[in-house]
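Read through the structure below, which is laid out as structure tokens, and then see the notes.
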Amino acid sequence: MLTKLAINESIKVILCVERLISMSPRWKWKGAEAKALAEPVSKTVSELQSSLAQTEASGFLSSCNVLLSVEPEQADLLDRCCFGRTVVSAEKDKRWIKLSFEEAFFLFYKLKCIKISLHGRSLENEVALWRSMRSFKTNFAISYKAYSHLRSKNWIVRSGLQYGVDFVVYRHHPSLVHSEYAVLVQSISGNDRLKVWSDIHCSVRLTGSVAKTLLVLYVNGNVNTENMNMPLCLKDYTVEEQTIRRWSPELSREDETRT
Amino acid sequence: MEEKDWESSPLSEKEAVLLCYDDEEYQFGAPVPKLQFRVGSSKARWIAELGMAEVEVKRGKLWTTTGIIRTGKTFCFIEEAVYLSEIGELQLLGDEDDVVISLKDLYREIAEGKCGCCWENYEVYRYLKGLGYILGRHGVPWTTNDVVNTTPSDEDESLCAGEFSQDKDSITKLLSDMQICDARPVFDVYLPNSHFKKSSPGEPSFVACFSGDSPPSKEEIEVLQKRVASPLMFCHIVEGRASFFSFNSIDLLVLP
């Protein structure tokens, strides 16, 4: 059965592969799909955006993340869209959430619903935050572009570290559905990932063993290099998507006829 | 209070097991196929200047899926001749006389990479043929009314395939693409099919490509995909084991 996902993809599909790797999302329990349909991720993100903007939620930047202070209901919304990780604390009326740079910048720059302070001062514009994050994390620009590209398509994006990749993406909350893609982000100019065959074997095998398809995002950030110091440069970045799959000839024959 | 990790153990799922491409078992546990060494098997004569063999005696149905037809005669490429010789279905005779060419000499031809097929290509050919797939050289029609072309003298591994292409425009394009193209399409591969006809083979399931020492770059894949209508599968051989990877451009679905 071909799902919308398979129909929308503009790839040349090899039938024998498709029979083996189901393109349908793997929902975790009966009723999960219906629940997902009833509450699209985009809707929850909108609610989150309004709520955070209303209370002027703010956080502060560290060298590796942004620590955001929110109300319990907001923590729940953040969890429903999978932004950040809760810091366990005894505080009852406040929750602390650790956001990755990508998550924080997305909420700050794209959704414009949080404030971030740096060196004790709240940042008014995004340039200082952009520069700080770029100074703390190499390839932040490329990584952020990939993150926001996926989020803009309403996929839930989480760290893929445990699978040896950059991100894993879910079409809805991980409690409802298994993640379908393990994402590696590759800068067009960098060419530092998947350079040798053993990298390909390794990544494909690893992601395959957890039933995910390897998805490479090629981010081209070479277009507007004068403006690299400003997040405005992001609008000229392009992202191309490519899946890498391994094919097993033994499992794909339709007919046992030998020559 | 523990933070929930929603991603449950994947190893308990059947799908994950199915998707785990662990074909170690095929390597070590697989029984050695019983070869039938026929007396009176097919015969072909090697024609050195063509780098191909002309089939003189056909035995068995294997010729429905092997060899190309030109002016009513059947010719086969070196990989086909060697494979059939290996499984005892073909006796390959020398140009000058009726002495059967030894496997040793045939292997050497392939090892030297002449005649358009290097050892890596042959490993894939042999592996897929053994599983029942149908393979033909990419860009070479199974049957035409033309005479068989002399193998071009500049046919070597650095060329992108298409040696028998008649279309001048595509040759010009081939030459211009050559600069960035280390990756090349080698075989058209069809699923096992007892009704296969050389006169109307249809589109191959995929085209087997080789990119050598390194995986193909994104640019190389794009160049090749523009020239080849069928899906591409890149082959990688290590220690005699062939792996096949497909690299597909997609447009990830926009969710509601």
Side-chain angles (χ1 to χ4, degrees), chain A residues 4-5 8-17 20-22 26 28 40-42 85-86 88 150 153-155 168 171 173-175 178-179 181 191 194-197 199-201 204-205 208-211 215 218 240-250 252-259, chain B residues 1-8 10-11 13 15-16 18-23 26 60-62 64-66 89 127-134 191-194 205-206 213-215 217-218 221 225 229-233 236 238 242-256:
Chain A
K4 242 168 78 170
L5 176 67
N8 282 348
E9 286 181 355
S10 54
I11 56 170
K12 288 159 188 143
V13 172
I14 299 170
L15 287 174
C16 47
V17 174
L20 194 60
I21 302 178
S22 169
R26 296 179 302 127
K28 285 188 174 175
V41 169
S42 56
R85 299 243 173 219
T86 314
V88 178
L150 295 165
K153 292 192 175 189
N154 297 318
W155 287 77
V168 283
R171 64 172 59 213
H173 196 270
S175 62
H178 287 287
S179 133
Y181 294 98
N191 215 34
L194 303 177
K195 268 175 78 172
V196 292
W197 274 114
D199 289 342
I200 305 251
H201 281 268
V204 171
R205 181 170 277 259
S209 71
V210 291
L215 174 64
Y218 289 94
E240 286 174 64
E241 300 155 348
Q242 181 194 68
T243 56
I244 305 181
R245 290 191 165 97
R246 186 172 168 191
W247 175 68
S248 177
E250 287 91 356
S252 305
R253 289 169 290 175
E254 289 185 8
D255 176 348
E256 293 296 306
T257 310
R258 310 281 171 105
T259 46
Chain B
M1 188 178 71
E2 258 181 41
E3 210 178 62
K4 270 192 181 158
D5 189 349
W6 290 110
E7 193 64 35
S8 62
L11 295 175
E13 300 165 32
E15 274 173 85
L18 266 181
L19 287 165
C20 183
Y21 296 121
D22 192 344
D23 45 3
Y26 291 102
K61 289 196 284 190
L62 63 91
T64 55
T65 53
T66 310
E89 289 283 359
Y127 178 50
L128 292 178
K129 276 299 264 192
L131 292 173
Y133 291 87
I134 299 166
L191 293 178
N193 176 8
S194 51
S205 297
F206 65 86
D213 239 9
S214 307
S217 70
K218 189 163 158 300
I221 297 168
Q225 196 71 86
S230 311
L232 303 177
M233 197 71 80
H236 179 234
V238 174
S243 304
F244 302 88
F245 295 95
S246 62
F247 300 78
N248 296 299
S249 287
I250 67 162
D251 193 7
L252 191 68
L253 181 68
V254 177
L255 296 169

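Labels below follow one simple rule: chain letters A, B, ... track the order of the sequence lines, proteins then strands, and each chain is numbered from 1. From a predicted model like this one, the values you see are computed outputs, not experimental measurements.
Taking CD from A:Q242 and CD1 from B:I221, the interatomic distance works out to 4.5 Å, rounded to the nearest 0.5 Å. We find the CG-OG1 distance between B:N248 and A:T243 to be 4.5 Å, quoted to the nearest 0.5 Å.
A donor-acceptor contact shorter than 3.5 Å links the side chain of A:E241 to the backbone of B:L252. A distance-only check finds no donor-acceptor pair linking the side chain of B:S214 to the backbone of A:V196 [under 3.5 Å].
Side-chain contact between B:D251 and A:K153 is present, with heavy atoms from C-beta onward closer than 4.5 Å. A heavy-atom distance below 4.5 Å is found between the side chains of B:F247 and A:I200. Side-chain contact between B:S243 and A:R246 is present, with heavy atoms from C-beta onward closer than 4.5 Å. By the 4.5 Å heavy-atom criterion applied to side chains, B:Y127 and A:E250 are counted as neighbours.
The nearest pair of heavy atoms linking B:P256 to A:P40 is O-CB, 3.6 Å. Taking both residues in full, the closest heavy atoms of A:K195 and B:P215 are given as O-CD, 3.1 Å, listed atom of the first, atom of the second, then distance.
With sequence neighbours excluded, the residues forming a side chain to side chain contact (heavy atoms under 4.5 Å, CB included) with B:H236 are A:W197, A:H201, B:V238, listed by chain and number.
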| request: Report the C-alpha separation of B:Y133 and A:W247 in whole Å, then their side-chain angles, then the decisive distance to 0.1 Å, and conclude whether the ring pair (Phe, Tyr, Trp, His ring centres under 6.0 Å) test is met. | output: CA-CA 14 Å; B:Y133 291 87; A:W247 175 68; 5.6 Å; yes
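Only the backbone of A:L194 has a heavy atom closer than 4.5 Å to any heavy atom of chain B.
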